Structure formats: C-alpha cells, structure tokens
S.K.: 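Pasting in a structure now, in structure tokens, and then I'll have a few things to ask.
Since the model is a prediction, treat every value here as computed from it, not as a measurement.
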Amino acid sequence: SLMSESAQYAMAEAIVPEPVEVTRVAAAAAADYRGLSQRRIEFVCEAPVSALGSEAALDTVVRHLIENAVRHTPETGRMEVAARQVAGGVEVVVSDDGPGISDGVELFTPFVKGTGSAGHGLGLHVVRTLVEAMGGTVVGRNSETGPGAEFVVTLRGAPA
C-alpha cells in the first residue's frame, strides 16, 4: 500500500535530484498493478530513459497515477504506462480509456475529487508535490485520440 501522505510530503522535502532509471521504475510499477488488477496495463518504451529525480518519489508518483487510472477505468478497460525521451527531458505518461476527466475538476487541489471517485482526493496533490520537488511538471488532460484521460509527468533529463 502507499505510505501515508505525511510521509510522502516529508519525502518531497528531502529530494535531492539524481539520475533515475525511469524505464525500470515505471515498468516495475506497471507490472505490479498488472498482477493486482484485472485491467490490461501495457508498458511502452522504445529505449531506456533516465531523468533527474528520486527513485522513491518517481515510484510513488507512477503508482498513484496507475491507481487513479484503475479506479476510473472499467474492468474491461486498458491502461498504458509509457516512458519516452522528449526535448529537454523525459515524459512518463499514464493513460486510460475510462470516462475521462469531468469539466471543471481541479485535479491537483487537495481533497477535490471527481464524482464516482473512491479516493480521498489527496493522491494527485501528492503527485504534483513530488513531481515539482524533482524539478518536473505534471498535467492531466483528456485524451485527444479517444475516450479516457492521460497524465503526463515531465522530468529533466539526466546528463549522459
């Protein structure tokens, strides 16, 4: 289970960004949830990528985003975790084919949650706190190519 919110905020304050093998962390999180959930969770990565961050924080972020997607995706649904190099850094994208994000939902505000969400509304706030502590950004949006939502975490690339 995910650690307490207070532990996660403490982790954010302690982050000293260092090179992290994003591919390995994201693939392991996807594999764990594939075992726990009936949903199809695919991991997509063309080449190994590394970013500046914290392995523990990135692991927590990816697991929160997968858990969030699982909650909002029907059992027949499909989710994808992707890691890729982009200009200036690395993106980790968690996408699903669920109902998408309702208009006007403040995704990253504490204690705000969409209708039908079983969560307590802190997960995405923790995600943003940890991502920003690693010097990155996170956005949530509806998919442009079909039903569902996607969350995009962008981290600085690790120096080669």
Side-chain angles (χ1 to χ4, degrees), residues 1-73 77-98 100-101 107-110 119 122-146 148-160:
S1 75
L2 296 165
M3 63 183 126
S4 74
E5 266 77 29
S6 58
Q8 290 168 350
Y9 291 117
M11 177 163 65
E13 287 173 18
I15 289 173
V16 177
E18 57 186 10
V20 176
E21 285 181 57
V22 174
T23 316
R24 191 173 49 77
V25 172
D32 281 357
Y33 277 92
R34 198 175 296 130
L36 294 168
S37 162
Q38 302 311 304
R39 292 155 190 78
R40 286 183 308 179
I41 304 179
E42 292 172 36
F43 178 69
V44 180
C45 184
E46 283 161 23
V49 290
S50 292
L52 287 175
S54 146
E55 186 161 325
L58 180 62
D59 180 67
T60 299
V61 163
V62 174
R63 286 171 192 272
H64 267 303
L65 292 177
I66 293 173
E67 202 164 271
N68 195 51
V70 166
R71 269 208 304 270
H72 293 94
T73 308
R78 178 180 168 279
M79 293 181 304
E80 185 179 284
V81 179
R84 58 183 176 235
Q85 201 88 39
V86 293
V90 170
E91 275 183 358
V92 179
V93 183
V94 177
S95 53
D96 64 62
D97 61 3
I101 301 161
L107 288 170
F108 298 100
T109 306
L122 274 172
L124 291 176
H125 186 252
V126 166
V127 163
R128 189 178 67 183
T129 301
L130 290 172
V131 169
E132 290 179 352
M134 291 189 280
T137 59
V138 58
V139 294
R141 59 190 179 211
N142 284 321
S143 167
E144 289 164 14
T145 54
E150 59 182 19
F151 284 82
V152 181
V153 172
T154 307
L155 296 173
R156 294 171 295 169

S.K.: Using the side-chain hydrogen bond (donor to acceptor under 3.5 Å, both in side chains) rule, collect all pairs that involve residues 83-95, keeping only residues at least two apart or in two chains.
M.R.: R84-E91
S.K.: Before giving the answer on side-chain contact (heavy atoms from CB on, under 4.5 Å), spell out for R63 and D32 the whole-Å C-alpha distance, their side-chain angles and the decisive distance to 0.1 Å.
M.R.: CA-CA 9 Å; R63 286 171 192 272; D32 281 357; 2.7 Å; yes
S.K.: Could you measure the distance from the CZ atom of R24 to the CG atom of D59? Nearest 0.5 Å is fine.
M.R.: 9.5 Å
S.K.: To the nearest 0.5 Å, how far apart are OH in Y33 and CD1 in I66?
M.R.: 7.0 Å
S.K.: How far apart are the closest heavy atoms of T23 and P48, and which atoms are they?
M.R.: OG1-CA, 3.2 Å
S.K.: Which heavy atom in V62 sits nearest to a heavy atom in A26, and how many Å separate them?
M.R.: CG1-CA, 4.3 Å
S.K.: How close do A56 and M11 get, heavy atom to heavy atom, and via which atoms?
M.R.: CB-SD, 3.6 Å
S.K.: Under the 3.5 angstrom rule, does the side chain of D97 hit a backbone N or O of G148 as a donor-acceptor pair?
M.R.: no
S.K.: Run the side-chain contact (heavy atoms from CB on, under 4.5 Å) test on L155 and L58 for me, step by step, so that the C-alpha distance in whole Å, both residues' side-chain angles and the decisive distance to 0.1 Å come before the verdict.
M.R.: CA-CA 10 Å; L155 296 173; L58 180 62; 4.0 Å; yes
S.K.: CD of E150 to CG of N142: how many Å apart, nearest 0.5 Å?
M.R.: 9.0 Å
S.K.: Quick check: closest heavy atoms across S54 and M134, and the distance to 0.1 Å?
M.R.: N-SD, 3.3 Å
S.K.: Output, in order, the C-alpha distance, side-chain angles, deciding distance and verdict of side-chain contact (heavy atoms from CB on, under 4.5 Å) for L124 and F151.
M.R.: CA-CA 10 Å; L124 291 176; F151 284 82; 4.0 Å; yes
S.K.: Residues in salt bridge (Lys or Arg N to Asp or Glu O under 4.0 Å) with R78, at least two apart?
M.R.: E42, E80
S.K.: Given side-chain contact (heavy atoms from CB on, under 4.5 Å), test V127 with N68 step by step and report yes or no.
M.R.: CA-CA 11 Å; V127 163; N68 195 51; over 6 Å; no
S.K.: Is R39 reaching over with its side chain to a backbone N or O of M79, donor-acceptor style, under 3.5 angstrom?
M.R.: no
S.K.: Which pair of non-hydrogen atoms, one from A30 and one from V81, has the smallest distance, and what is that distance?
M.R.: CB-CG2, 4.1 Å
S.K.: Where do L52 and P19 come nearest, in terms of heavy atoms and distance?
M.R.: CD2-N, 3.9 Å
S.K.: Any side-chain to backbone donor/acceptor pair from R141 onto I101? Under 3.5 Å, distance only.
M.R.: no
S.K.: Among V93, L65, T137, which residue meets the side-chain contact (heavy atoms from CB on, under 4.5 Å) test with V152?
M.R.: V93
